[in-house]
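Quick notes on the structure that follows.
Here is how names work: the chains are called A, B, and so on, in the same order as the sequence lines, proteins then strands, and each is numbered from 1. In this text the structure is predicted, and so the values were computed from the model without any measurement.
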There are 2 protein chains.
Amino acid sequence: MRYSKTHKAETRTKLIETARAITKKGGFSSTGVDALMSAIGMTGGAFYSHFPSKQALFQAVIEDEIRNSSEMLAGEQNASGEQLEQCLRNYLSTFHVLHPEEGCVLPALGGEIARAEPEVRGAVEKGLRQVQKAWANRLDDPDAAWAVIAQCVGALVLSRAVETERTRKEIITSTRKAIQKSYFSQEK
Amino acid sequence: MRYSKTHKAETRTKLIETARAITKKGGFSSTGVDALMSAIGMTGGAFYSHFPSKQALFQAVIEDEIRNSSEMLAGEQNASGEQLEQCLRNYLSTFHVLHPEEGCVLPALGGEIARAEPEVRGAVEKGLRQVQKAWANRLDDPDAAWAVIAQCVGALVLSRAVETERTRKEIITSTRKAIQKSYFSQEK
DNA sequence: GTCTATATCTAGATAGAC
DNA sequence: GTCTATCTAGATATAGAC
């Protein structure tokens with residue numbers, strides 16, 4: 001055979017990996033198949049050996065994103081809550097605001113997920129529930145867990161939606177402080 | 001003249017008004033000019049008598065959205081904080097989650113705003129600052145004001161990104177409770 | 001499995017008639 | 001100011017050569 005046994009799987013993986021970054025930065029619907037394929041050094045026609053449609057890629061991208069994020073955010077939490085605080089500092093950072101391609105999928109593609117197929121939202125729901133459950137244990141409060149997740153996602157959306165560097169920073173800094181005050185200071 | 005003096009202004013207003021609802025529901029970039037014009041009973045060609053480009057419409061839509069929302073959310077706040085609580089109940093409601101076309105522009109088009117021209121984000125920033133300032137007065141805490149705005153926007157994004165009605169409701173209810181507990185219960 | 005070439009469709013935008 | 005017709009460009013997706 002002209003191509004190795006693992007070649008197809010490798011190409012598929014590389015495509016998804018690259019598409020994750022590109023579409024978080026530029027939007028999914030506004031990015032063409034040709035652009036995605038040429039980013040991995042191939043032409044548009046080859047795409048359909050890997051996915052039956054562009055929409056199928058969207059599902060694969062979101063599932064990969066969610067798997068990745070929820071493992072990172074829900075996994076390996078110790079009882080001290082220190083790792084959760086570190087998580088929040090990373091999430092609510094200027095770097096994250098300025099680099100959607102490396103960051104969480106929800107602030108970047110939340111709008112497109114809302115309009116996607118049920119399977120896509122099912123995957124998102126499953127991942128979110130994992131994170132919420134883990135954080136509920138750390139915070140000892142199921143409501144607070146959802147609220148903190150909402151704050152994180154919302155702060156990123158807001159911070160990216162404003163123009164000046166000053167306001168960008170103000171939003172994430174204030175949100176970080178407010179979470180600290182409400183959930184990490186005196187008690188617990 | 002074949003058309004009244006106010007005709008053009010009326011058409012423009014109707015176009016923006018309709019585009020606001022349609023694009024919050026279906027996304028801006030994924031909605032065509034023809035669809036927007038036929039929604040007000042006209043054909044695509046007439047669009048360019050009102051806007052030089054589709055992008056110019058986006059700016060007008062966002063500016064209108066922001067003007068509308070920030071007046072509603074920042075204006076007419078009395079000192080008791082009761083109106084703010086009513087605002088939050090409306091924002092964090094199942095109705096709002098299920099009807100993006102009538103709701104806040106940020107959860108719906110936040111991703112597209114992040115990729116838009118600086119003027120668009122400038123308008124968003126100005127409106128957000130108005131709301132933040134008003135809420136900071138009510139809450140007596142500038143950080144808390146940003147945090148509450150972030151929670152509201154984030155909760156809507158999350159709630160619309162999941163599949164089951166149960167989780168949708170859980171997210172907004174938990175967020176509402178957490179805000180109540182952190183900012184409206186004992187003190188103040 | 002990937003390429004080139006292409007079919008098909010849709011989108012944004014323009015020209016000229018009314 | 002709005003219409004129809006059209007240009008142009010870009011998109012998704014397919015066919016056949018290698």
Side-chain angles (χ1 to χ4, degrees), chain A residues 1-20 22-62 109 111-113 115-117 119-120, chain B residues 1-20 22-62 109 111-113 115-117 119-120:
Chain A
M1 59 187 71
R2 292 177 62 192
Y3 297 93
S4 71
K5 281 180 182 171
T6 57
H7 182 80
K8 182 166 182 177
E10 284 164 9
T11 302
R12 187 191 152 102
T13 303
K14 200 159 97 180
L15 171 56
I16 294 176
E17 201 75 13
T18 309
R20 284 172 56 189
I22 294 179
T23 60
K24 281 190 290 183
K25 189 170 182 67
F28 187 85
S29 71
S30 43
T31 305
V33 169
D34 278 6
L36 295 171
M37 292 305 287
S38 65
I40 59 168
M42 288 183 182
T43 56
F47 175 83
Y48 296 91
S49 297
H50 299 276
F51 292 97
S53 67
K54 197 192 172 195
Q55 178 183 278
L57 173 66
F58 186 63
Q59 189 166 339
V61 162
I62 300 298
L109 300 179
E112 299 191 68
I113 291 168
R115 295 186 289 271
E117 307 287 288
E119 297 86 47
V120 173
Chain B
M1 57 187 73
R2 291 176 61 193
Y3 297 91
S4 72
K5 281 181 182 171
T6 58
H7 181 80
K8 182 165 182 176
E10 283 164 10
T11 301
R12 186 191 153 102
T13 302
K14 202 160 96 181
L15 171 57
I16 294 177
E17 201 75 12
T18 308
R20 284 172 56 190
I22 295 179
T23 60
K24 280 190 291 184
K25 189 171 182 64
F28 187 84
S29 70
S30 43
T31 304
V33 169
D34 279 6
L36 295 171
M37 292 305 286
S38 64
I40 58 167
M42 289 183 183
T43 56
F47 175 83
Y48 296 91
S49 297
H50 299 277
F51 292 97
S53 67
K54 197 193 173 195
Q55 177 183 280
L57 173 66
F58 186 64
Q59 187 164 339
V61 162
I62 299 299
L109 300 180
E112 299 192 68
I113 291 169
R115 295 187 290 272
E117 307 288 287
E119 298 85 45
V120 173

Quiz item: For B/E119, does the CD atom have more than 12 heavy-atom neighbours from other residues, nucleotides or ligands under 6.0 Å away?
Solution: yes
Quiz prompt | For the student: nearest non-hydrogen atoms of A/G26 and A/S30, plus distance | solution = O-OG, 2.8 Å
Exercise. Would you name the heavy atoms of B/F51 and B/A60 that are closest together and state the gap between them?
Key: CE2-CB, 3.8 Å
Exercise. Ignoring hydrogens and angles, tell me if any N or O in the side chain of B/K54 forms a donor-acceptor pair with the backbone of B/F28 under 3.5 Å.
Key: yes
Practice problem: Take atom CZ of A/F47 and atom C1' of C/dT4, then tell me their distance rounded to the nearest Å. | Solution: 18 Å
Self-check item: Side-chain heavy-atom pair A/V61, A/R20 within 4.5 angstrom cut-off
Solution: yes
Quiz item: Are any non-hydrogen side-chain atoms of B/L36 and B/L57 less than 4.5 angstrom apart?
Solution: yes
Practice problem: Kindly indicate, with the supporting measurements, whether the criterion side chain to side chain contact (heavy atoms under 4.5 Å, CB included) is fulfilled by A/L15 and A/M42. | Solution: CA-CA 10 Å; A/L15 171 56; A/M42 288 183 182; over 6 Å; no
Quiz prompt | First and last nucleotide of DNA chain D, 5' to 3', lying under 4.0 Å from heavy atoms of chain B | solution = D/dG1 to D/dT4
Self-check item: Close approaches to DNA chain D from residues 29-44 of chain B, in residue order (heavy atom, under 4.0 Å)
Solution: B/G41, B/M42, B/T43
Quiz item: Going from CG on B/L109 to CD1 on B/I62, what distance comes out if it is rounded to the nearest 0.5 angstrom?
Solution: 5.0 Å
